[in-house]
Amino acid sequence: MVRASGLRGYRTLMHALGADADAMLRRYRITAELLDDDDALLPLRSAALLLESSAATTGCADFGLRLAQIQDISVLGPVAIAMQNAPTVAGAIDIASRYLFVHSPGMALSVHARSALVPDAVEVRFELSVSGLASLRQTFDVCLGDVHRMIALLAGLHYELRSVALPHAPIAPLSTYARFYGAPVLPAQPHGGLHIARTTFDAGLQDVNAALRQLAENYLALNFNDPGQTVTGRVRQALRRTLGTPENSRAGIAQLLGLHPRTLQRRLDAEHTSFDALREEVRRQTALRYLCETRIPLSQLAGLLGLSEQSALTRCCRRWFGTTPSALRRRAAASPSVPLHP
């Protein structure tokens, strides 16, 4: 699910593009009244399909960036209150990473102390998980665009964005992204996120009310349960972050979580799943995104998924999608907003 505040400004943008917003909302069974209630919950899948189809219908390749441009930090509700009253930018991002699940359990924000792309930079990685969709370009763009604008608001003149990584090959020109972010943009990367100068994280926020922050955090802790705290959620997150590395194994993930491999499996059994099933799910979702949103060579994709060779990728795709990687790519290119069911 995702809170309706994530679609704030949607009807305004559709009207500006000369399109019928209400007709598109009805198509995906989202009532107009829900969009007037920021706390209403919508299926994340429906919201994602709405954005991808709206971009295709209007011919607006940068639909997600335009929607992010008319949103602000308040879309996060009580999470935004806690963020705006953190002592530093680093503290605000930490709050966002801990409580983003309140906005949507399908979204995750994490901080990686060393950027793999830019020297002396920190990676703020954003991950989006929506099963079975051929394209998430616009949905990812509005989300990462929102994160960028939120950090820019909090850091002010101290914000130094060095580079932006996209996990897809954008339809809009890269120059459009560069203008939006004011930084170089690298497409089709293993992970999407913002690569920010270390000095930005030490910047202090202005007019901070520590008591208000504590009230907001207490409210969040008392009223919302983090699905990522389940063993299943923690394993799924660890699998996404280690995909294609030696740590992406039962023993490796158990070590990352501080558990014995047998203990890990017992806990997953108690949650009615298994390590192999979760790794299969993560590989399937990642393969779908890369095949439908990038032109990455199939041999390279096999390596990113932790598969031994390209033929293994072909066998997996036949099992997951009932077709070959190349055929799936052609199908997605022909109908980018059509859902594909794993």
Side-chain angles (χ1 to χ4, degrees), residues 45 48 52 64 106-108 110 112 115-117 123 125-141 143-144 163-172 174 177 185-193 195 235-250 252-253 275-342:
R45 180 183 175 86
E52 306 307 319
M107 300 176 185
S110 58
H112 300 260
S115 163
L117 300 178
E123 178 190 5
R125 183 181 299 174
F126 179 79
E127 296 170 279
L128 181 64
S129 177
V130 187
S131 179
L133 293 191
S135 177
L136 289 171
R137 287 183 180 91
Q138 306 302 331
T139 313
F140 188 92
D141 283 352
C143 292
L144 188 63
S163 184
V164 179
L166 301 178
H168 56 76
I171 300 173
L174 281 181
Y177 285 81
V185 178
L186 304 174
Q189 297 298 308
H191 302 286
H195 297 258
V235 169
R236 189 180 282 116
Q237 291 174 6
L239 283 168
R240 290 195 192 106
R241 293 169 188 172
T242 60
L243 199 60
T245 72
E247 288 77 20
N248 197 254
S249 64
R250 190 190 312 272
I253 296 300
F275 178 84
D276 289 339
L278 291 174
R279 185 165 63 178
E280 181 91 344
E281 172 195 329
V282 170
R283 280 177 168 168
R284 183 178 66 236
Q285 292 179 356
T286 304
L288 183 67
R289 173 168 63 82
Y290 274 104
L291 288 170
C292 296
E293 296 191 339
T294 76
R295 304 304 299 175
I296 184 173
L298 298 182
S299 58
Q300 186 179 348
L301 176 55
L304 284 171
L305 296 176
L307 300 173
S308 58
E309 54 190 4
Q310 186 174 325
S311 60
L313 173 62
T314 300
R315 290 194 298 272
C316 286
C317 281
R318 287 189 181 279
R319 183 173 72 251
W320 295 333
F321 312 117
T323 189
T324 65
S326 298
L328 180 63
R329 218 166 221 172
R330 289 193 296 271
R331 176 181 165 190
S335 304
S337 64
V338 174
L340 297 175
H341 300 277

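All residue numbers in this chain count up from 1 along the given sequence. Note that this is a predicted model, so its numbers are computed, not measured.
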### Query
Do Thr286 and Leu304 pass the side-chain contact (heavy atoms from CB on, under 4.5 Å) test, and can you show the C-alpha distance, the side-chain angles, and the key distance before you say yes or no?
CA-CA 9 Å; Thr286 304; Leu304 284 171; over 6 Å; no

### Evaluation steps, side-chain contact (heavy atoms from CB on, under 4.5 Å), between Val164 and Tyr177
CA-CA 9 Å; Val164 179; Tyr177 285 81; over 6 Å; no

### Task
Please report the closest heavy-atom contact between Tyr290 and Gln189, naming both atoms and the distance.
OH-O, 3.2 Å

#### Entry: Expected output: side-chain Arg283 to main-chain Gly306 donor-acceptor under 3.5 Å
yes

### Query
Cys317 and Pro325: which non-hydrogen atoms are nearest, and at how many Å?
SG-CG, 3.7 Å

### Query
Rounded to the nearest 0.5 Å, what separation is found between the CG atom of Leu307 and the CG atom of Leu298?
11.5 Å

### Message
Run Leu305 and Leu243 through side-chain contact (heavy atoms from CB on, under 4.5 Å) and show every step you take.
### Response
CA-CA 6 Å; Leu305 296 176; Leu243 199 60; 3.9 Å; yes

### Summary
Tightest non-hydrogen contact, residues Ser249 and Phe275, listed as C-CZ, 3.3 Å

### Task
Drop me the distance from Gln285's CD to Leu128's CG, to the nearest 0.5 angstrom.
10.0 Å

### Within-4.5 Å side-chain heavy-atom neighbours: Arg319 and Arg284
no

### Query
Quick one: CZ on Arg318 to CG on Leu328, what's the gap to the nearest 0.5 Å?
12.0 Å

#### Entry: From Arg315 atom CZ to Glu309 atom CD, the distance as rounded to the nearest 0.5 Å
6.0 Å

### Query
Do the side chains of Thr139 and Val130 get nearer than 4.5 Å, heavy atoms only?
no

### Query
Just by distance, do the side chain of Gln310 and the backbone of Ala302 share a donor-acceptor pair under 3.5 Å?
no

#### Entry: Donor-acceptor contact present, side-chain Thr324 to main-chain Ala327, <3.5 Å
yes

### Task
Give a yes-or-no answer on whether the side chains of Ser129 and Arg240 include a donor-acceptor pair shorter than 3.5 Å.
yes

### Test side-chain contact (heavy atoms from CB on, under 4.5 Å) applied to Asn248 and Val282, step by step
CA-CA 11 Å; Asn248 197 254; Val282 170; over 6 Å; no

### Task
Give the minimum heavy-atom separation between Pro187 and Val185, together with the two atoms involved.
CD-O, 3.7 Å

#### Entry: Any side-chain heavy-atom pair of Asp141 and His168 under 4.5 Å
yes

### Task
With rounding to the nearest 0.5 Å, note down the distance linking CG in Leu291 to CZ in Arg330.
11.5 Å

### Task
Could you pull out all residues at least two apart from Arg241 that satisfy salt bridge (charged side-chain N to carboxylate O under 4.0 Å, His left out)?
Glu127

### Message
Can you give me the closest heavy-atom contact between Arg137 and Thr294, atom names plus distance?
### Response
NH2-N, 4.5 Å

### Query
Has the side chain of Glu123 got a donor or acceptor atom that lies under 3.5 Å from a matching backbone atom of Ala116?
no

### Task
Find the distance between OG1 (Thr242) and CZ (Arg279) and round it off to the nearest 0.5 Å.
9.0 Å

### Task
Output yes when a side-chain donor or acceptor of Gln138 lies under 3.5 Å from a complementary backbone atom of Ala48, and no otherwise.
no

### Query
Closest heavy-atom contact between Arg289 and Pro190?
NH2-O, 3.7 Å

### Query
Any side-chain heavy-atom pair from Trp320 and Leu288 closer than 4.5 angstrom?
no

